[in-house]
Amino acid sequence: MSTELEKLPKVYDPFQVEEKWYSFWLEQKYFHAEAELGKPRYCITIPPPNVTGSLHMGHALCYTIHDVLGRWKRMKGFDVLILPGTDHAGIATQNKVEQQIAADGLTRFDLGREKFLEKVWEWKEHYGGTIIRQLKRLGCSFDWERERFTMDAGYADAVVEAFVQMFNKGVIYRGARVVNWCPRCHTGISDLEVEYEEQHSHLWFIKYPLADGSGFVEVATTRPETMLGDTAVAVSPEDQRYMGMVGKDIMLPIMERPIPIVDDAHVDPEFGSGAVKVTPAHDPNDFEIGIRHNLAQIVVIGPDGVMTEEAGKFAGMDRFEARKAVVKELEELGLLVKVDDYTHSVGTCSRCDTTIEPLLSEQWFVKMKELAQPAIDAVKDGRVKFVPDRYSRIYLDWMENIKDWCISRQLWWGHRIPVWKCADCGEFVAAKSAVEACTKCGSKNMEQDPDVLDTWFSSALWPFATLGWPTKTPELEAFYPTNVLITARDIIYLWVARMIFQGLEFMGEVPYPDVYIYATVLNEEGRRMSKSLGTGVDPLDLIERFGSDALRYALIQQAGMGQDMRFSDSRVENTRNFGNKIWNMSRFVMMNLEEGAGGQGLGAGKPELDELKLEDRWILSRLNRVIKTVNDGFGNYDMDDAARSLYEFLWSEFADWYVELAKPRLRDESERATVQWVLWNVLETSMRLLHPIMPFITEEIWQALPHQGESIMVAPFPETDESMISDAAEAEMNSVMEAIRTVRNLRSEVGATPGKKVDAVIVTEMVELFQANAVGLRSLARVENLEVTKENIPDTEKSQYLASHGPGFDVYLPVAGLVDIEKEVARIESELKTIEKDLARCLGKLSNEQFTSKAPAEVIDKERRIAAELEDKKAKLEERKKALSS
RNA sequence: GGGCGAAUAGCUCAGUUGGGAGAGCGCUUCCCUUACAAGGAAGAUGUCGGGGGUUCGAGCCCCUCUUCGCCCACCA
């Protein structure tokens with residue numbers, strides 16, 4: 001026994017171990033991929049977390065999955081590139097810095113564009129790396145030498161290139177539309193960035209007088225202040241009530257401006273009074289009505305949420321103040337009919353929660369129709385597969401009803417739109433570098449568009465821009481298309497869809513064949529983990545308490561195909577215990593591998609098949625099945641299956657049974673070498689199998705075991721050896737295990753303490769099997785004298801024994817009058833009851849002619865076998881009951 | 001309004017060509033047996049959300065209802 005190994009601590013301490021091996025892997029450059037030829041390649045460009053972010057549980061799950069797949073493929077011999085990076089996250093980051101300078105009472109406008117951007121860059125340098133450091137802590141084997149940022153120089157070049165190409169193709173156009181405007185962020189945002197929340201508000205009913213004084217039209221609104229910008233009243237063309245009024249004018253109250261009554265199919269005659277006020281500059285539907293009827297667009301609420309000059313005497317008033325003032329005035333004018341309580345959903349900014357103001361403004365748009373079609377086809381014909389599959393429907397529904405994409409943002413942090421406008425002739429010119437002269441009139445009076453691009457415009461290019469596009473780099477050549485996208489379901493539209501059409505547009509190929517949408521991590525109460533709600537669990541905190549391996553395993557174990565995952569600390573604690581179990585079974589194995597058996601000796605010491613005993617063949621058979629499950633699981637994104645089968649195998653089979661059975665054999669010189677080899681082989685193989693999920697502890701153990709190679713990270717991943725799988729060995733071993741359980745059960749019944757040995761008799765037809773395994777049986781069941789025989793115990797003696805019956809054997813424990821007869825009879829009776837119930841069900845089936853004629857033969861055979869077993873057991877129990885009672 | 005998902009032990013969840021209901025945690029009893037008490041052994045626990053249907057046979061397939069969660073659209 002090695003004295004050094006005996007010093008191994010009883011409790012596994014992840015902290016030192018994790019730091020040690022992570023540094024080692026980095027030094028060895030194992031995470032680094034070369035675009036070398038000759039090796040199959042595997043590439044994932046990770047979803048770049050926002051620079052504002054710190055690791056939350058969703059990230060931990062996402063990147064653990066990445067790392068599991070990456071490590072698995074690397075061990076399988078692939079040239080693996082997991083390319084990391086961060087996203088500049090336009091609004092989110094700008095907001096952070098705005099908050100920071102707000103502490104000094106400053107706004108970005110006080111600082112000015114240039115100064116403000118300096119601040120943002122400073123902020124990014126200071127805080128932007130947080131999440132990357134945390135990913136290293138998680139154990140991620142990403143290629144840090146290739147880390148990208150969506151605003152690094154090369155990436156910026158790709159963004160501009162993409163824009164200019166699209167602009168020159170005519171896919172990008174400028175238009176005035178009503179967009180979702182956030183008065184706090186001071187920018188337009190896309191429909192996808194608006195969150196709707198139910199709000200209790202009011203519905204105001206207002207009388208609009210007809211210009212000719214012949215009466216009133218009643219309209220209903222949730223935003224009375226917008227009436228200042230009304231340019232029409234619309235009714236349904238089918239509405240009898242307003243038949244004669246279409247074409248007449250309304251005298252808009254307060255503003256005292258005549259506006260027409262128009263008919264438009266958009267109006268629902270059932271709602272309210274059937275007449276609707278039309279404010280083309282402040283409502284997307286009204287905007288459309290306005291276009292159809294050629295109505296004026298009057299902007300009465302400005303970009304800052306303050307009423308404009310167009311709002312007359314309300315100019316300069318906050319929009320919500322103006323609402324009150326307008327209502328008050330209408331009331332005074334006697335035009336307010338009534339106010340109903342009304343609950344409706346109100347759009348809010350997903351970044352800052354401010355109520356969105358629909359606002360007419362000039363923006364850049366991407367025409368989506370032509371771009372969407374190839375992206376639809378790619379999913380329909382299976383070039384891109386969603387996992388789980390149901391998300392492809394969700395994707396397709398959205399793509400098939402897609403609207404043009406507003407890509408300009410009135411922010412400062414982001415990719416400045418590479419378009420210059422000629423001050424003289426109004427021409428827009430897009431170019432990769434500053435435009436000196438107008439291409440149309442030659443004027444030198446060119447000014448760059450002040451706006452920046454939607455963050456998602458740049459991240460849509462991620463799978464190829466990170467690999468060097470637009471330059472044809474060896475990396476781009478080697479790693480595009482990538483292999484899979486692993487992401488959360490809330491960005492299927494925002495990001496996944498856009499990457500697919502941009503990949504097709506610029507690379508002519510889908511960016512990845514698989515899109516794996518993982519489960520949303522919820523907290524224990526089933527609520528979404530959210531920092532603002534205080535319902536989050538900090539992954540770093542869990543790593544501190546239980547180690548990275550434990551957190552990773554806990555996440556993967558639950559990473560099923562469901563759409564939600566509840567997560568709690570106790571799971572991580574449990575997997576920490578699993579780690580400790582692995583540690584201790586490894587200590588046991590190491591303590592029992594002596595010098596001579598280690599190193600090369602073991603590899604050469606592979607025993608011949610006929611030297612293997614039943615439990616050896618059994619555990620090797622089980623191991624090879626697990627190898628299959630793990631490979632299948634990783635390959636099919638059923639990683640939870642892989643994780644669970646490893647847990648089950650290592651704990652409930654290897655540790656609980658094989659290791660226990662090995663103990664007496666290790667003391668037997670004739671068997672020692674064989675057992676050592678099997679222990680080593682199973683453990684070493686298992687560590688390689690488990691390594692993708694628990695990289696640290698497996699490296700620590702593997703390095704301490706005899707092994708080949710410099711790191712488990714680059715050791716080959718186990719492949720199933722079908723010849724080692726044996727149904728027969730598993731069936732026989734099950735009988736032995738069942739017999740051991742039966743003896744233990746009887747021991748517990750007679751109250752034998754674990755230290756106390758008992759005698760036992762096994763009556764069976766399988767005498768050879770039990771005799772061959774007598775040593776293990778005696779050891780695990782703590783039996784002193786074991787008799788295995790075909791001869792049944794005479795009825796007259798049965799009262800001297802406690803008995804239990806298993807499949808194919810009966811176990812007797814001599815108790816010499818210690819049996820509490822009354823209690824034992826009661827126990828037998830209760831057991832008989834359940835047996836009779838099962839038997840009745842069984843026999844009922846078998847006597848059903850329908851069943852015996854229609855069910856497959858093997859099912860019927862199985863049922864017959866069960867019936868026979870139950871009958872046998874029943875007979876024995878009845879016999880015993882009689883013996884005891886007499 | 002449309003769609004998706006979930007409902008299995010006290011809790012969190014597994015359970016695929018439909019064929020004797022499982023794990024972890026928790027609970028009960030016994031045990032520091034030389035790898036491990038973060039452990040070992042033995043045990044209790046279920047109208048598989050309700051109702052109907054298909055089938056010899058349904059946790060699993062079909063219909064329907066209920067509850068919860070999510071997404072999309074509209075919301076004067």
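Every chain is numbered from 1 and lettered A, B, ... according to where its sequence line falls, protein lines coming before strand lines.
Regarding contacts with the backbone of A38(B), every side-chain N or O of N584(A) stays at 4.0 angstrom or more from both OP1 and OP2. Contact between the side-chain N/O atoms of K10(A) and the OP1/OP2 oxygens of C36(B) is found at a separation under 4.0 Å. Between N592(A) and A35(B), a side-chain N or O to OP1/OP2 separation shorter than 4.0 Å is absent. Regarding contacts with the backbone of G20(B), every side-chain N or O of R841(A) stays at 4.0 angstrom or more from both OP1 and OP2. Phosphate contact (OP1/OP2 of U12(B), side-chain N/O of R566(A), threshold under 4.0 Å): present. Dashed line: the shortest gap from a side-chain N or O of K854(A) to OP1 or OP2 of U55(B) is not under 4.0 Å. Side-chain N/O atoms of K663(A) include none lying less than 4.0 angstrom from OP1 or OP2 on U34(B).
Side-chain proximity of K862(A) to C56(B), A42(B), G20(B): nearest is G20(B). Among A38(B), A37(B), G40(B), the nucleotide with an atom closest to any side-chain atom of N580(A) is A38(B).
Using cut-offs of 30° and 60° for the angle between ring planes, the Y553(A) and F578(A) rings count as tilted.
Summarising the geometry, the separation between CG on L746(A) and C1' on A42(B) is reported as 11 Å, rounded to the nearest angstrom. With rounding to whole Å, K403(A) atom NZ is found 7 Å from A73(B) atom P. N401(A) places its CG atom 14 Å from the C1' atom of C71(B), with the value rounded to the nearest Å.
Taking the ring centre of F588(A) as origin, the terminal cationic atom of K663(A) falls inside the region bounded by 6.0 Å and 45° from the ring axis.
The only member of V219(A), V339(A), T221(A), D340(A) that meets side-chain contact (heavy atoms from CB on, under 4.5 Å) when paired with F205(A) is D340(A).
Salt bridge status for E357(A) with R223(A): present, with a side-chain N to carboxylate O gap under 4.0 Å.
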